[in-house]
2 protein chains.
Amino acid sequence: MSTARGARARARTEITAAIKDEARRQLAAEGAAKLSLRAVARELGMVSSALYRYFPSRDDLLTALIIDAYDSLGEAAESAHAKAADAEPVRQWTAVCEAVRAWALAHPHEYALIYGSPVPGYSAPDSTVPAASRVGLLLIGIVRDALEGRGIARPPLPARLRPEAERMAADLAPDMPPEVVAALVAAWAQLYGLVGFEVFGQFHRVVEDRAVFFSHAVTQLAHSVGLLNHAGTSGAPQESRRPPRGRGRGTASGGTRAGS
Amino acid sequence: MSTARGARARARTEITAAIKDEARRQLAAEGAAKLSLRAVARELGMVSSALYRYFPSRDDLLTALIIDAYDSLGEAAESAHAKAADAEPVRQWTAVCEAVRAWALAHPHEYALIYGSPVPGYSAPDSTVPAASRVGLLLIGIVRDALEGRGIARPPLPARLRPEAERMAADLAPDMPPEVVAALVAAWAQLYGLVGFEVFGQFHRVVEDRAVFFSHAVTQLAHSVGLLNHAGTSGAPQESRRPPRGRGRGTASGGTRAGS
DNA sequence: CCAAAGCAAGAGCAGTGCTCTCTTTTTGGT
DNA sequence: ACCAAAAAGAGAGCACTGCTCTTGCTTTGG
């Protein structure tokens with residue numbers, strides 16, 4: 001339905017896509033600040049003013065790229081989750097987190113575009129909201145499923161946080177306990193702290209084996225929202241695992257006898 | 001010693017300072033991307049080329065501002081810590097975290113400069129390292145003190161993280177247990193995830209009472225590095241507080257009868 | 001079939017970072 | 001005290017940017 005409605009209309013969508021592709025190329029190569037309308041037009045063999053027929057301003061082009069980036073990230077996260085759909089909640093959680101990290105490392109400039117400092121004067125229009133929510137919704141969904149399967153413990157909820165937690169829960173997931181939603185939002189932000197520090201080079205000469213460090217950190221994050229390690233999601237029989245006794249949330253179980 | 005060594009030399013430092021001040025003004029007003037050498041020069045009544053006698057390029061000016069920003073943030077954090085030096089470790093921790101948040105909210109563009117996406121092509125020179133480390137060192141110090149005072153529990157340390165944790169500990173704090181250092185680094189990154197999300201507007205329409213939300217989140221962060229709530233730092237008697245019994249970590253203490 | 005709408009091209013404006021040359025001022029050694 | 005050398009300011013200019021406006025050409029639809 002959206003195709004074959006005149007040569008001109010088809011050309012328009014094609015050119016629009018070509019512009020975005022070339023812009024994405026420049027974005028990936030040099031970063032958002034060096035993305036130049038003129039350079040894009042030049043590369044496409046058109047004159048710069050012609051480009052304004054497709055995007056009314058440079059910021060509009062950027063906005064389009066932002067939405068695409070959110071969608072690309074969301075898709076990466078969702079497909080990673082799909083592959084881990086049968087695993088226990090903690091593994092689903094870490095799978096999604098690791099997909100986010102992998103995507104960010106593969107597309108640092110696009111990551112910077114959406115989770116780094118907002119571009120110059122610009123503030124994200126509402127049109128970006130749905131695309132931006134995908135990862136968050138995914139994480140909420142994982143915890144919700146675990147909740148139904150009882151594979152979750154309630155995080156602490158101090159009294160003064162209760163009103164705000166209830167507000168957030170009402171907005172984001174009315175079916176879930178406020179303390180879980182609050183912990184979820186915090187974990188969400190913290191996840192992007194971990195990813196951002198790695199992508200933006202803050203871990204340079206601090207963390208070397210960043211993959212295992214990240215993996216551990218997001219596992220702890222999963223625990224912080226209440227996800228347990230050996231939770232049986234109602235009817236998920238596969239994968240032999242030792243019973244949830246013993247090494248539960250080993251706090252002082254720490255050092256393999258090699259104490260400092 | 002550094003003063004009164006010729007009128008010219010004094011004028012140079014004065015003008016350098018004036019340039020940085022004006023640049024900081026523009027940075028705060030419009031953001032790093034709109035910081036213009038020409039505009040700074042114009043405002044100072046000089047011609048743009050004259051400015052290059054003081055800063056060889058725009059990036060060098062930015063680097064100077066970055067170092068100043070790190071120092072300003074570090075100072076804010078350190079003075080907040082000084083005021084809480086006698087409190088228990090968790091309070092010291094949250095005091096520093098809240099100072100970081102307050103500084104970031106008061107100087108969003110400078111925060112973006114140092115913890116947002118790195119500017120265009122530029123990568124932070126080594127000269128920024130000492131200034132950049134101040135907050136991290138502060139957090140390490142708090143945990144170290146708690147460690148000496150026994151006010152800390154050991155975070156978990158899975159086997160595969162051990163080598164990296166030992167590496168980090170050797171680099172950052174050879175006197176501290178690896179699992180604590182690893183948790184510290186993670187908490188450090190997560191702190192900036194929380195701050196960044198608030199400063200960059202990601203919490204818009206998600207979290208309303210951001211102060212109490214943040215306060216709770218960083219308290220949990222303190223717990224994640226092992227800091228305990230009612231730890232008596234050797235001799236710190238002051239501040240009557242109700243005994244740690246009762247409403248400890250209320251897990252199922254849930255809904256105030258107003259269930260969903 | 002032909003007006004209307006969509007599109008490309010070019011010139012032009014105001015702004016940017018940065019370089020180069022020229023003149024003036026200050027400095028420091030003899 | 002003098003005078004070459006170093007430092008600083010001023011101005012012109014280059015190559016680039018985002019964006020606008022006018023001028024033609026082409027496709028579209030009543």
Side-chain angles (χ1 to χ4, degrees), chain A residues 2-20 22-23 25-27 29-66 109 113 118-123, chain B residues 2-20 22-23 25-27 29-66 109 113 118-123:
Chain A
S2 70
T3 179
R5 64 200 193 291
R8 183 151 240 170
R10 195 174 53 235
R12 180 168 236 286
T13 69
E14 265 175 29
I15 294 183
T16 305
I19 292 173
K20 286 208 290 184
E22 176 58 28
R25 255 205 59 251
Q26 294 194 13
L27 175 64
E30 298 271 23
K34 293 204 174 172
L35 171 66
S36 151
L37 277 188
R38 288 183 116 110
V40 170
R42 206 179 305 133
E43 209 69 21
L44 262 52
M46 40 169 50
V47 81
S48 73
S49 61
L51 218 148
Y52 284 81
R53 302 269 169 199
Y54 299 88
F55 295 93
S57 84
R58 183 181 178 278
D59 278 3
D60 291 87
L61 215 196
L62 268 181
T63 301
L65 293 183
I66 287 176
H109 285 116
L113 201 57
V119 217
Y122 151 102
S123 89
Chain B
S2 70
T3 179
R5 65 202 189 292
R8 183 151 238 168
R10 196 174 53 236
R12 182 169 234 287
T13 69
E14 264 174 30
I15 295 183
T16 305
I19 292 172
K20 285 209 292 186
E22 176 58 29
R25 254 205 59 251
Q26 294 195 12
L27 175 63
E30 298 271 23
K34 292 203 175 173
L35 170 65
S36 150
L37 278 189
R38 288 183 114 109
V40 170
R42 204 179 306 131
E43 209 68 24
L44 262 50
M46 38 169 53
V47 81
S48 73
S49 60
L51 216 147
Y52 284 81
R53 303 271 173 197
Y54 299 87
F55 295 93
S57 85
R58 183 181 180 277
D59 278 2
D60 290 87
L61 216 196
L62 269 181
T63 300
L65 294 183
I66 287 176
H109 285 116
L113 199 58
V119 215
Y122 149 105
S123 89

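Sequence lines set the chain letters: A, B, ... in the order given, protein chains first and strands last, and positions in each chain run from 1.
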Any pair counted as side-chain hydrogen bond (donor to acceptor under 3.5 Å, both in side chains), so long as it reaches residues 35-51 of chain A, sequence neighbours left out: none

Atom pair distance, as rounded to whole Å: CG in A/Leu44 and P in C/dA9: 11 Å

Atom pair distance, as rounded to whole Å: CG in A/Leu37 and P in D/dT17: 10 Å

Touch class at under 4.0 angstrom, heavy-atom based, for A/Leu35 against every strand present: sugar-phosphate

By side-chain hydrogen bond (donor to acceptor under 3.5 Å, both in side chains) - contacts of B/Arg53 (at least two apart): none

Interatomic distance where CZ belongs to B/Phe55 and C1' belongs to C/dT19 [whole Å]: 19 Å

Whole-Å gap separating C1' (C/dC20) and OH (B/Tyr52): 13 Å

Spacing of A/Leu51 atom CG and A/Glu22 atom CD [to the nearest 0.5 Å]: 10.5 Å

Atom-pair distance (CG on B/Asp60; C1' on C/dG17), nearest Å: 13 Å

Spacing of CZ belonging to B/Phe55 relative to CG belonging to B/Leu37, to within rounding of 0.5 Å: 9.5 Å

A/Asp59 CG to D/dT17 C1', straight-line distance once rounded to whole Å: 14 Å

Interatomic spacing from OH in B/Tyr54 to CE in B/Met46 - rounded to 0.5 Å: 5.0 Å

hbond_proxy B/Arg38 side chain to C/dG15 base (donor-acceptor, 3.5 Å cutoff): no

Spacing of A/Arg58 atom CZ relative to D/dT20 atom C1', expressed in whole Å: 18 Å

Nearest-nucleotide 5' precedence on DNA chain C, B/Pro56 against B/Ala39: B/Ala39

Any B/Ser48 side-chain nitrogen or oxygen under 4.0 Å from OP1 or OP2 of C/dC18: no

From NZ (B/Lys34) to NE2 (B/His109), nearest 0.5 Å: 9.5 Å

Exercise: do A/Thr63 and A/Asp60 side chains pair donor with acceptor under 3.5 Å: no

Per-nucleotide protein contact string for nucleotides 3-10 of chain D, where B marks a base within reach and S marks sugar-phosphate only (heavy atoms under 4.0 Å, - for neither): ----BBBB

Whole angstrom value for the distance that separates P of C/dC7 from CD of A/Glu14: 13 Å

